[in-house]
Amino acid sequence: MRTSRFLLATLREDPADAEVISQRLMLRAGLISRLATGIYSWLPLGLRVLRKAERVVREEMDRAGAQELLMPAVQPAELWQESARWEKYGPELLRFKDRHHREFCFGPTHEEVITDIVRQKVTSYRQLPACFYQIQTKFRDEIRPRFGVMRAREFLMKDAYSFHRDDDSLDETYTAMYAAYEAIFGRLGLTFRAVAADTGSIGGASSHEFHVLAESGEDAIAYSEGGYAANVELTQAPPPPERPPATASRESVHTPGQHTIAEVSAFLGVPAERIVKTLVLRGADGGLVALLLRGDHELNAVKALRLPQLAQPLQFATPAEVQAALGCDFGSVGPVDFPGPVIADRDAAALADFVCGANAHGYHLTGVNFARDLPEPAVADIRNVVAGEPAPDGSGPLAIARGIEVGHVFKLGTVYSEKLACTVLDEHGREAVMTMGCYGIGVSRVVAAAIEQNHDARGIVWPQALAPFEVALVPINLHKSPAVAEATDKLYAELTAAGVDVLLDDRPERPGVMFADMDLIGIPHRLVIGDRGLKEGQVEYKARRADTAEN
RNA sequence: CGGGGUAUGGCGCAGUCUGGUAGCGCGCCAGCUUUGGGUGCUGGAUGUCGGGAGUUCAAAUCUCUCUACCCCGACCA
């Protein structure tokens, strides 16, 4: 490919409104173009990268025995009503009506459609196990799309679904998919980690997430040297110490202007771990519920969601509601005389002589004790583990890393096959419900994640497998030096004939411009052809990652 | 949805407070120059100042309203 015949839409300046490095570089390098919030076009350069990611995914899925098919993006409501997800999925499901007022949705995932196909076409246990996959555009009407294609509303996903007559067979395919995922992310040159995960809204027995490790990741994962690895969302906190006896008496202290734990801690000279943080959420019955955490701990929303007392999605009370119920703002809220259920994290429940808000503007209580000053609270593990705490399986202290979820494998069981009556006849001629697994990879997200992990001050540094072009040819004075033109044409022809993806920069630009662009778009290898080197029979080679060039 | 912010040529911004009919840098086009890390000079094109309504002799600027986008909180590949 020649740059004179290829849309290089690079920007000299950083685009405003781009927060994360991958988004900034994807826009600046001209990989994508924003059409609406969370909706992007893939420009020719970006599409080449996306296709390379697809290719690796496709090859490994095929190798693992999955069969590719392609399902529609638009799906009828009836199918979703059959699985009960038409009601359950919520506003993230983009719904619309056709001209006959029939209801449809734009598929956010394809369990229903594949199950419908399999229940029609697969009739005998002899046809099992079977695994199908597609690489296709999904739409999820995210509340807050962000970070470019990282959390887009429309995105490219590889989704696979496997069907089995029993759990052993499912385990086998699950293991094969897990291995295929390791192969895929390995081939793509990503540093990743597979972790045990919450089964979330899709439901099912067990699941693992594949995370690309990056500072900008939206997930926190906990792991130990001994091999523990799980999303922080579901990592159990270690058992709390025993509660010491109460020694202090309860006092009300004026704490004007002290709202945050840090402020109160500094003001009273009490460490954060002896202060109780009170979060006010909406209860399942519409009232308010107090959640207590140690000042140095954070609420774990996934764990809290399991509390039956809370409203289902988690809703924090508004300042106005708190003001109406307690007569103070968030900074002075506390559990003593709280008008509703009080649920304490296990570590908060283990405190004695603690500090908490007084439910009076500008006041805190010190020397507070459960049982004596307020009823014993309900107790649950509702906090995030912190680095250094022991892993739940005793495999050593935990470290916490941030990750971008690029893949997810699920053992679904019979959640969908039962609802949609997806059965085969077994060897005894009896109907048997199939067991299912599903396996997703965010293909467009992989591209962004790869940039998060592979970039420098000059731009993207593509891993070989994802690079839009493998080699950049940069001729100096191409249009004035016949010798350069001849050598360049020859090299271009030979590399192309050898099957190498070459980008020849034949624009009448200055060298600096060409170097800057080739660096920005991250071509892994660069050859510079100039009169200077040709006199010695040499061209210059430089790897994108290298600091210096060689002849 | 709630909270905060922005909207001026392809991109990045100034001008808005204090109304007087739009400017800078980059990019783009032409010419010359230069040519191993975003060359220099000259000339040129591109704006219904997000939409609508209003106030005014006069609105990018003031008022109302709508829309889009960005950032912060509850979801997921």
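Computed from heavy atoms alone, side chains included, the values below leave out hydrogens, waters and symmetry copies. Letters A, B, ... mirror the listed sequences (proteins, then strands); counts begin at 1.
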Listed pairs under 3.5 Å, donor-acceptor, residues 437-453 of chain A side chains, sequence neighbours left out:
unit_1   : atom_1 : unit_2   : atom_2 : d
A/Tyr439 : OH     : A/Ser162 : OG     : 2.7
A/Ser444 : OG     : A/Leu156 : N      : 2.9
A/Ser444 : OG     : A/Leu156 : O      : 3.4
A/Arg445 : NE     : A/Met150 : O      : 2.9
A/Arg445 : NH1    : A/Glu405 : O      : 2.7
A/Arg445 : NH2    : A/Met150 : O      : 3.2
A/Glu452 : OE1    : A/Ser216 : OG     : 2.8
A/Glu452 : OE2    : A/Ser22  : N      : 2.9
A/Glu452 : OE2    : A/Ser22  : OG     : 2.7
A/Gln453 : OE1    : A/Thr191 : N      : 2.8
A/Gln453 : NE2    : A/Thr191 : O      : 2.7
A/Gln453 : NE2    : A/Leu213 : O      : 2.8

Within the 4.0 Å heavy-atom criterion, would you say A/Met518 contacts the bases, only the backbone, or no part of the nucleic acid?
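Counting heavy atoms under 4.0 Å across all strands, no contact is made by A/Met518.
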Between A/Lys542 and A/Phe316, which is nearer to the 5' end of RNA chain B once each is assigned its nearest nucleotide?
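In this pair, the answer is A/Lys542.
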On RNA chain B, compare the nucleotides closest to A/Pro15 and A/Asp519; which residue's is nearer the 5' end?
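On the 5' side of the pair lies A/Pro15.
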State which of B/C76, B/G73, B/U35 makes the closest approach to the side chain of A/Ile476.
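Out of B/C76, B/G73, B/U35, the nucleotide with an atom closest to A/Ile476's side chain is B/U35.
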Measuring from the side chain of A/Lys480 (C-beta onward, heavy atoms only), which nucleotide among B/G37, B/C76, B/U35 has the closest atom?
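Out of B/G37, B/C76, B/U35, the nucleotide with an atom closest to A/Lys480's side chain is B/U35.
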Say you pick atom P in B/C32 and the same atom in B/G37; how far apart are they, in whole Å?
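24 Å, rounded to whole Å.
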Can you tell me, in whole Å, how much space there is between the C1' of B/C62 and that of B/G20?
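My reading of the C1' atoms in B/C62 and B/G20 gives 14 Å.
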Tell me: [atom1] of [X] to [atom2] of [N], nearest whole Å?
X: A/Asp141; N: B/C1; atom1: CG; atom2: C1'; result: 12 Å
X: A/Phe147; N: B/C76; atom1: CZ; atom2: C1'; result: 14 Å
X: A/Arg146; N: B/C75; atom1: CZ; atom2: P; result: 11 Å

Looking at residues 37-53 of chain A, who's got a heavy atom less than 4.0 Å off RNA chain B?
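Of all residues in residues 37-53 of chain A, the ones placing a heavy atom under 4.0 Å from RNA chain B are A/Thr37.
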